[in-house]
Amino acid sequence: MNDERERPSARGDWPMQPRGGALLLSRYAQSLFWLARYMERVENLARVLDVTDTFVRHGADQSGWESVVRINADDANFFERHREANAETVPQFYLLDRENPNSIASSLFAARENARTLRPLISTEMWAQINVFYNKVRVLTEVDTQPSRLSGLCNFLRESCQAHAGITDGTFFRDQGWAFYRIGKFIERGDQTSRLVDIKYHTLLPNVADVGGPMDISQWHALLRAASGYHAFRRVYSSEMTPALVAGFLMLNHSFPRSIVLCVRQVETYLQQLSSGYGLRGAHKALEKLDELRAALADQPIELILHRGLHEFLDWVQMQFMAVHEAVAGAFWAPPREAAQSQIQSQ
Amino acid sequence: MLAHPGLLDGYDKGPFFCELMDCAAHDPAVALIAQRLAKIEPAELARRSAIAEAELYNQGITFTVYSDKDAIDRILPFDLIPRVLAAREWAVLERGVKQRVAALNAFIGDVYHGQKILKDGVVPAALVLGNSNYRPEMVGLDVPHGTYVHVCGVDLVRDETGGFLVLEDNARTPSGVSYVLENRNMMRRIFPDLMDGIRVRPVGSYGVRLQRALAEIAPANVADPQVVLLSPGIYNSAYFEHIFLAREMGVPLVEGRDLVVEDGRVWMRTTAGLAPVHSIYRRLNDDFLDPDVFRPDSTLGVRGLLDVWRRGRVAIANAVGTGIADDKAIYAYMPRIIRYYLNEEPVLQNVLTHICGETEGLKYTLDNLEKLVVKPVGESGGYGLIIGPHASRSELAEFRTQLLADPANYISQPMISLSVSPTLAGHRLAPRHVDLRHFAITGRDTWVLPGGLTRVALREGSLVVNSSQGGGSKDTWVLE
């Protein structure tokens with residue numbers, strides 16, 4: 001019966017001030033950030049494997065499997081274990097191999113252990129879904145990653161990650177923990193998109209002279225599909241498909257949910273929420289780092305980026321994401337000595 | 001006539017007291033539950049049991065076994081047939097548990113202050129002061145409300161006459177309460193028809209009660225105390241319970257590395273810097289609590305914590321040094337301890353206990369080894385004990401040597417014919433032995449969780465209910 005009276009004051013509480021119940025342990029913030037990163041990584045890797053499978057199968061790009069290894073900068077680790085990157089070795093390495101820290105099995109294990117740490121905070125549904133998901137992946141064998149089953153498996157992995165995202169969206173309490181989760185998710189997604197564009201652009205354009213030249217556009221379809229961006233791209237550019245347009249779309253489009261620009265904007269939103277909504281001054285340094293990234297993406301059209309060197313630019317983007325990550329980590333789950341410098345006064 | 005064999009057809013409780021059949025004779029509500037069970041098709045029960053097991057597993061109501069590269073979850077087996085306690089039985093149990101907790105707290109307070117009970121010769125001083133759990137650091141320290149044992153687990157069994165007997169007290173960090181609440185949740189989902197219309201005392205307020213008790217013991221000048229649960233972390237086998245309790249209490253689950261002592265206070269590391277902590281429910285043994293005072297190699301505890309506690313600037317539950325009270329040798333003296341402090345007769349009886357550290361007790365034990373259960377005083381989890389009537393001649397001979405080498409480490413008790421409860425075994429119900437662990441929370445006053453944890457020995461004929469040795473659990477209903 002007090003609902004009406006309570007509402008205005010509840011609204012007035014925003015932005016929230018830290019108080020008893022709103023405090024978040026540093027360790028939880030760290031785990032939320034990593035949980036989001038790992039789940040996003042699993043989804044992106046499943047997308048890349050799926051599209052590579054389609055790609056190579058249609059004979060479009062025989063070096064497709066090797067490019068997956070390069071996207072992830074795993075050359076050394078991979079070729080220590082396999083002589084050749086092909087339709088058997090690469091899926092095994094990225095789906096099953098627990099010795100590979102970047103594999104889906106390893107990422108999912110790490111995601112689940114972070115979720116286990118977070119169980120006091122996350123909903124039972126979130127935990128149950130990750131738990132069941134992990135247990136299904138845990139028992140996969142080489143039979144399941146065979147070429148005939150690979151696409152179905154990637155589909156299952158992607159949908160399971162999406163189920164995680166949906167359950168999280170629907171059940172996670174919107175305190176500052178949510179901001180840390182979202183920051184981790186979008187740093188990872190932005191980083192993954194930058195790697196995808198980087199490697200595919202150069203795989204598909206072995207010769208710089210070919211930029212803008214005639215080419216097999218099916219490869220660009222596949223690149224867009226890996227990012228679930230094909231139909232959106234068509235709606236924006238219905239009459240043409242050039243490498244520059246595709247790269248520009250994946251990097252700079254403001255509405256495409258996996259574009260680097262959109263990821264940067266999301267990270268910014270949640271860092272600002274930490275800073276002004278929760279009064280956490282630790283977010284300032286990360287915001288400064290992010291500002292450089294935002295400006296670089298806003299100021300240059302894709303033609304200029306290509307002209308100046310796409311690879312160098314994307315390398316820099318990845319380093320900036322890493323710098324933002326480090327700034328967040330340094331501010332919020334810093335080693336004890338630094339953390340001790342800003343104390344909440346006791347009563 | 002039923003078209004299929006009923007669940008209870010051919011059920012033979014044997015020479016034991018049956019928690020269902022024998023109680024049904026005196027209580028119409030229990031009789032109704034027995035009737036409902038009798039009508040259930042065995043295949044249907046097995047189906048529901050499988051669903052319950054899958055849910056426990058998927059929801060992570062589990063303990064985790066870690067290997068090099070993996071983490072495998074295991075569940076505590078859950079039996080769907082509840083253990084039912086009539087209202088009048090519960091009234092006695094509740095009174096008895098409260099009495100026991102009061103005596104335990106009085107005893108610990110006395111040991112760490114005047115030691116009157118030792119001076120009066122009621123309890124041998126050597127037994128207490130020579131105990132490895134005796135903490136000289138506690139001498140002279142006053143604790144809020146005189147409460148040392150904030151969470152107490154009292155284990156009971158029922159003999160063949162239907163009488164309850166206390167088997168042991170757990171005054172350090174008793175575990176298992178999460179299963180009590182989760183078992184109830186599970187029963188509501190899987191077996192709502194069995195409980196339909198029957199008024200069962202709720203168990204859901206445990207977390208609120210615990211939180212309240214922890215707030216009651218916080219330093220007096222703090223208006224809105226910050227309570228935390230201190231866990232050893234995800235590798236601890238009871239980690240699920242720690243999560244569960246932190247959630248039910250609505251407080252952060254912290255590890256030692258989240259806490260720090262500075263300026264004579266305890267703080268936790270948050271995203272906004274250090275925030276004060278006032279009351280700690282610790283699920284960590286004394287040894288690991290503070291490397292300055294106890295094990296210097298402990299990385300699970302908090303350096304300097306004990307000093308802050310001794311200055312009254314943080315509360316710790318359970319208090320340090322309570323292990324002197326739940327020792328199996330001290331147990332033998334509990335009836336005398338109750339009379340000494342409370343001037344009352346014990347409401348709940350002990351199992352007759354012989355102390356092998358005493359000449360008479362050792363002689364009796366050696367003379368009757370084949371009839372007795374002999375337990376090491378320091379062990380828990382059902383390890384290291386021998387059940388005379390079930391042991392082979394060579395096992396007895398070997399144990400005799402062990403006993404003679406260190407008699408003070410053992411007590412002996414007559415073998416109790418533990419009561420049985422109908423339990424799903426394949427596609428029928430069979431009698432399996434059960435015990436009962438009560439949970440009592442004490443801040444200013446004592447509250448006892450209605451029911452408690454019924455543990456069941458799932459192997460036919462087995463008397464060992466511990467989860468580490470093939471035990472499972474059941475929902476425990478206290479009727480209103």
Side-chain angles (χ1 to χ4, degrees), chain A residues 17-30 98-99 105-106 109 112-125 127-132 134-135 138 176-177 179-180 274 278-283 328 331-336 338-347, chain B residues 54-62 64 66 68-73 182 185 219 221-229 231 233-235 239-240 242-255 257-260 262-263 265-278 313:
Chain A
Q17 296 302 316
R19 40 159 230 100
L23 290 171
L24 183 70
L25 279 185
S26 292
R27 188 165 53 82
Y28 287 167
Q30 185 179 15
R98 282 294 308 279
E99 300 294 326
S106 296
F109 178 81
R112 179 174 178 250
E113 291 309 293
N114 276 289
R116 193 194 297 282
T117 293
L118 292 164
R119 283 184 68 186
L121 224 58
I122 62 179
S123 64
T124 310
E125 289 133 89
W127 167 256
Q129 192 266 341
I130 292 178
N131 198 27
V132 172
Y134 171 77
N135 281 317
R138 191 169 63 84
Q176 50 167 304
F180 284 102
L274 290 180
Y278 296 97
L280 302 180
R281 279 171 301 155
V328 171
F332 297 113
W333 47 90
E338 288 171 46
Q341 285 171 358
S342 63
Q343 290 187 358
I344 297 172
Q345 286 306 305
S346 66
Q347 52 272 69
Chain B
E55 277 202 29
L56 289 172
Y57 185 64
N58 291 342
Q59 290 182 10
I61 302 171
T62 45
T64 306
Y66 280 85
D68 201 21
K69 277 273 169 207
D70 210 348
I72 309 292
D73 289 346
E182 288 291 3
N185 292 339
N221 56 343
V222 181
D224 184 13
Q226 175 71 56
V227 175
V228 298
L229 185 149
S231 165
I234 61 171
Y235 298 107
Y239 181 65
F240 165 69
H242 306 165
I243 296 164
F244 179 90
L245 291 173
R247 283 196 305 224
E248 290 291 314
M249 290 197 282
V251 307
L253 182 155
V254 301
E255 296 178 15
R257 57 191 160 131
D258 297 320
L259 299 182
V260 62
E262 266 180 32
D263 303 331
R265 287 170 193 275
V266 181
W267 310 82
M268 59 179 179
R269 301 180 208 282
T270 78
T271 54
L274 297 182
V277 169
H278 306 108
R313 296 175 118 181

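Chain letters run A, B, ... following the sequence lines, proteins first and then strands; every chain starts at 1.
- Looking at B/V251, there are no atoms closer than 4.5 Å to chain A (heavy atoms on both sides), in backbone or side chain.
- Here B/D258 is the residue among B/I234, B/L229, B/D258 with the most heavy-atom pairs under 4.5 Å with chain A.
- For B/E248, no part sits under 4.5 Å from any heavy atom of chain A, backbone or side chain.
- Under the 3.5 Å distance criterion, the side-chain polar atoms of A/Y28 are left unmatched by any main-chain donor or acceptor of B/T270.
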Test log, rule side-chain contact (heavy atoms from CB on, under 4.5 Å), inputs B/V277 and B/V254:
CA-CA 11 Å; B/V277 169; B/V254 301; over 6 Å; no

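- Listed options A/S106, A/A331, A/P120 were ranked by heavy-atom pairs under 4.5 angstrom with chain B; first place goes to A/P120.
- The side-chain heavy atoms of B/R269 and A/L25, taken from C-beta on, include no pair separated by under 4.5 Å.
- Considering all non-hydrogen atoms of both residues, B/Y239 and B/S231 come closest at CD1-OG, 3.9 Å.
- Checked against side-chain contact (heavy atoms from CB on, under 4.5 Å), B/N58 has the following partners two or more places apart in sequence or in another chain: A/V132.
- In this structure, the side-chain hydrogen bond (donor to acceptor under 3.5 Å, both in side chains) partners of A/Y134, at least two apart in sequence or on a different chain, are B/D70.
- Contact annotation for B/I72: only side-chain heavy atoms (C-beta onward) come within less than 4.5 Å of a heavy atom of chain A.
- Of the two parts of B/F244, neither the backbone nor the side chain holds a non-hydrogen atom closer than 4.5 Å to a non-hydrogen atom of chain A.
- With a 4.5 Å cut-off on non-hydrogen atoms, A/T117 touches chain B through its backbone and its side chain both.
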